[in-house]
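Just follow the structure's listing: the first ligand is 1, and inside any ligand the first atom is 1.
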Amino acid sequence: MPLPSPLATLAASPIAWRVNARARRGPYGPRQASVLSHAAFARAKAEITRWPGYAPTPLLALPGLAKALGIGALWFKDEGKRFGLKSFKALGGAYAVLRQVQKVIAARTGIADAPSADIAAGKYRHYTKDVTVACATDGNHGRSVAWGAATFGCRCVITIHAGVSQGRADAIARYGAEVRRIKGNYDDSVRQAAEDAKANGWIIVSDTSWPGYMEIPKDVMQGYALMADEAMAQLGAERPTHLFLQAGVGGMAAAVAAHFWEAMGAARPRVVLCEPDKAACLFASVAEGRAATIAGDLDTVMAGLAAGETSPLAWEILEDCADAAMTVGDAAAGPAMQLLAAGVGSDPPVVAGESAVCTLGCLAGAMRDPAIAKALELDARSTVLLFGSEGDTDPALYETLVGRPADQVRAA
Ligand SMILES: Cc1ncc(COP(=O)(O)O)c(C=O)c1O
């Protein structure tokens, strides 16, 4: 069968790959369990699934695309439908904001774990209104933190860097957050937000960790694990042989990989980390054997993945279970988005944003090169799960890259 033309373009996009010699296939280890565990996850799940508007996001089977790629099955978890925020990030930042607000309430009233519905209804307004949560973001995490702050009644300051589009900034401001734009890249904005928070007594709710700052990013990642949990339930008894996971700082990939690993033990899926070639800090981490930092302006169209500093917490998990790392060029984003929008064969049309499709670029590249496919054990028996981590979070950019607005894609 001739390749659909965006797939031919996609498969021709340059990729790089490397195997992680440190990956192991034993049971979920204590090192990982000290970061994320099903026990701690139970609390996040009980909380988030109670929030108004909660519904599991769809898990789509894409048999047409799987066949065109040469694999047995392809599943796509569509996070574009996550709450009203259009990305999986809604699960992490907002949950971590709630946990911080609950801690403030506990410290001031002695009431531990005040119910989120009561907090959202303003019962503790007196205590929450002077709390300010803050973070740096390339868009989606800040939107989640701002949404959490608006829902749970506290103030919010979000720092963005030069490369964040105005559309993304406006989407954050719509939740009532103060948005501050700085010069520099994502990592500069993380440092600036931390400095401002220290000077003003704000609580930083970051999606990345650093030495001495680990607890809040754990909550963020524990929230992300819900999408892996939903996917496992939606798959029934089936389990993927491969997870292709996109990475910015690595928190999402770590949360998903850990959730599958803890559930499946030594039979866990192969994990392939995927990044844009301009912001490949996990790729560097695999080479260096530590949570690596890379330099540069990180200027990639896959804005959610534009991070140069690996989260040390994420690395605690990924060092042992990321079997390989790949990078793909920005040129892959448009064709991958178009391919999903058009659907192959009878596949449904899917609205996937720039950061959602990095994995499809890497998977197509791997299937084009027999040596890579063999090394990653990818063949017609493989069943691959991808996480469509965002929908059209930047609608104008989506329309530019796909050639039609998301509404038209959905209506097709
Ligand atoms: C849409 C999207 N996908 C993936 C990621 C990567 O997540 P992480 O930075 O935890 O690796 C992000 C991060 O902002 C994102 O916004």
| message | Minimum distance, heavy atoms only, to atom 12 (C) of ligand 1: which one of Gly304, Ala255, Ser144 is it? | response |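 Of the listed residues, Gly304 has the closest heavy atom.
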
| So between Val249, Leu273, Thr310, Leu318, whose heavy atom ends up nearest atom 8 (P) of ligand 1? |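 It is Val249 whose heavy atom sits nearest to atom 8 (P) of ligand 1.
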
| request: State, to 0.1 Å, how close Pro56 and Gln234 come at their nearest heavy-atom pair, and which atoms those are. | output: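 For Pro56 versus Gln234, the nearest heavy atoms are CB-NE2, 4.0 Å.
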
| Nearest non-hydrogen partners of Ala306 and Leu298, listed with the distance |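 Scanning both residues completely, I find the closest heavy atoms to be CB-O, 3.4 Å.
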
| message | Tell me which one of Ile317, Asp320, Asn20, Leu243 satisfies side-chain contact (heavy atoms from CB on, under 4.5 Å) with Val271. | response |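 Exactly one candidate clears the test, Leu243.
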
Numbered atoms of ligand 1 (with element) below 4.0 Å of [X], judged on heavy atoms:
| X | answer |
| --- | --- |
| Ser355 | 1 (C), 2 (C), 3 (N) |
| Ala247 | 11 (O) |
| Gly248 | 6 (C), 8 (P), 9 (O), 11 (O) |
| Glu390 | 1 (C) |
| Asp138 | 14 (O) |
| Gly250 | 8 (P), 11 (O) |

Taking non-hydrogen atoms only, is [X] closer than 4.0 angstrom to ligand 1 via side chain, backbone, both or neither?
| X | result |
| --- | --- |
| Thr208 | neither |
| Leu305 | side chain |
| His141 | neither |
| Asn140 | side chain |

| field | Cationic tip of Arg18 above Phe283 ring, under 6.0 Å, 45° of axis | value |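 Flagged: Arg18 positioned over aromatic ring of Phe283.
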
| message | By the ring pair (Phe, Tyr, Trp, His ring centres under 6.0 Å) test, which pairs, at least two apart or in different chains, include something from residues 11-34? | response |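 Residue pairs passing ring pair (Phe, Tyr, Trp, His ring centres under 6.0 Å), neighbours aside: Tyr28-Trp261.
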
| request: Output yes when the distance from some N or O of ligand 1 to some N or O of Gly251 is under 3.5 Å, and no in every other case. | output: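 Indeed, backbone or side chain, Gly251 has an N or O that close.
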
| request: Report the C-alpha separation of Ser389 and Ser355 in whole Å, then their side-chain angles, then the decisive distance to 0.1 Å, and conclude whether the side-chain hydrogen bond (donor to acceptor under 3.5 Å, both in side chains) test is met. | output: CA-CA 7 Å; Ser389 54; Ser355 297; 5.7 Å; no

| request: Please assess Leu85 against Arg82 for the test side chain to side chain contact (heavy atoms under 4.5 Å, CB included), listing each intermediate value before the final yes or no. | output: CA-CA 6 Å; Leu85 278 73; Arg82 186 61 74 182; 6.0 Å; no

| query | Which of parallel (below 30°), tilted (30 to 60°) and perpendicular (above 60°) describes Phe41 and His259? | reply |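 Taking His259 first and then Phe41, their aromatic rings stand perpendicular (interplane angle over 60°).
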
| Angle class for the Tyr186/His161 ring planes (parallel below 30°, perpendicular above 60°, tilted otherwise)? |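 Taking His161 first and then Tyr186, their aromatic rings stand perpendicular (interplane angle over 60°).
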
| field | Distance from atom 2 (C) of ligand 1 to nearest protein heavy atom, with residue and atom | value |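 Of every protein heavy atom, Ser389 OG, 3.5 Å lies nearest to atom 2 (C) of ligand 1.
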
| field | For atom 10 (O) of ligand 1, the protein heavy atom that lies nearest, with its residue and separation | value |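 For this ligand atom, the closest protein heavy atom is Met252 N, 2.9 Å.
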
| What distance separates Leu10 CG from Cys362 SG, expressed to the nearest 0.5 Å? |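 Leu10 CG to Cys362 SG: 9.5 Å, rounded to 0.5 Å.
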
| query | Applying a strict 4.0 Å limit to heavy atoms, is Phe88 in contact with ligand 1? | reply |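 Checking ligand 1 against Phe88, which is what was asked, there is a heavy-atom contact under 4.0 Å.
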
